[in-house]
Amino acid sequence: MGKEKYVLGFDADDTLWVNEVYYQEAEHEFCRLLSVYNSAEEISEKLFNTEMQNLKIYGFGTKGFMLSMIETALKLSKQEVSQKVLDNIIQIGKNMLNKPVVLLEGVKNVLEILSSRGYRLILATKGDMIDQQRKLKMSGIETFFDHIEIMSNKSEADYLKLLSHLNLKANNFLMTGNSVKSDIIPVINIGANAIHIPYHTTWQHEEIKGNNALGNFKTLNNISELLDILDL
Ligand SMILES: [Mg+2]
């Protein structure tokens, strides 16, 4: 550790609070609704492909997911899906947008300690602007952050823009997150530091196939171990 304190960046979904589980529940319900048309496995695959095609125009988050579910239902049923089922799909999405915010174990305590020791904390997340703002407000941890960035993507260019905006040097920035693809690799590639805290389940889009692309970063079991890394 150098003398200068790291500025600490945190991912939000599945790093600070529960997220992917809600998507999996929604997808399960969606497959059940459409089970007359195909197997759950096939429906899931079609939904994922539709989401990937739409990512560029919808971005990440629940509203894009809702539209992709509707599109998938129309395709699978050859436009014959009932209005009742379409209404059910919209309800699945709206329920997701009203889910409680459940912090992961240790999060509040760790942020409290880091904040009291004078660390500058940055939240850097993808997703729908309104939904992420809602989750932050409900989370009770918003006040610990000096800056909140809701990003349309987490590429190297996006991180460079964030650092430049905050006037931070890359080697002074330490990002913590659950996604190797979004929170670790691009961060390391721009010369910053990253810590991986895996969540028990990962969205297919965020999965990395093979280990070839992986640089040098630490993996922790939980957020509390971050305090050890920082010698706190
Ligand atoms: Mg995440």
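In listed order, ligands and their atoms are each counted from 1. Just so you know, residue 1 is the first one in the sequence shown, and it goes up from there. The figures here come from the full heavy-atom set of this structure, side chains too, leaving out hydrogens, waters and symmetry mates.
- Taking backbone and side-chain atoms together, D11 has an N/O/S atom less than 2.8 Å away from the Mg ion (ligand 1).
- Salt-bridge check for K84 with D87: failed, with every basic side-chain N at 4.0 Å or more from each acidic carboxylate O.
- Taking the Mg ion (ligand 1) as reference, the nearest N/O/S atom within D13 carries the name O.
- Of the possible donor and acceptor atoms, one in the side chain of N98 sits under 3.5 Å from a partner among the backbone N and O of K94.
- Using a 4.0 Å cut-off between charged side-chain N and carboxylate O, K135 and D13 make a salt bridge.
- Residue contact annotation: D14 places no N/O/S atom under 2.8 Å from the Mg ion (ligand 1).
- No option in Q53, Q204, E27 other than Q204 meets the side-chain contact (heavy atoms from CB on, under 4.5 Å) test with F48.
- In summary, an N, O or S atom of N178 is located under 2.8 Å from the Mg ion (ligand 1).
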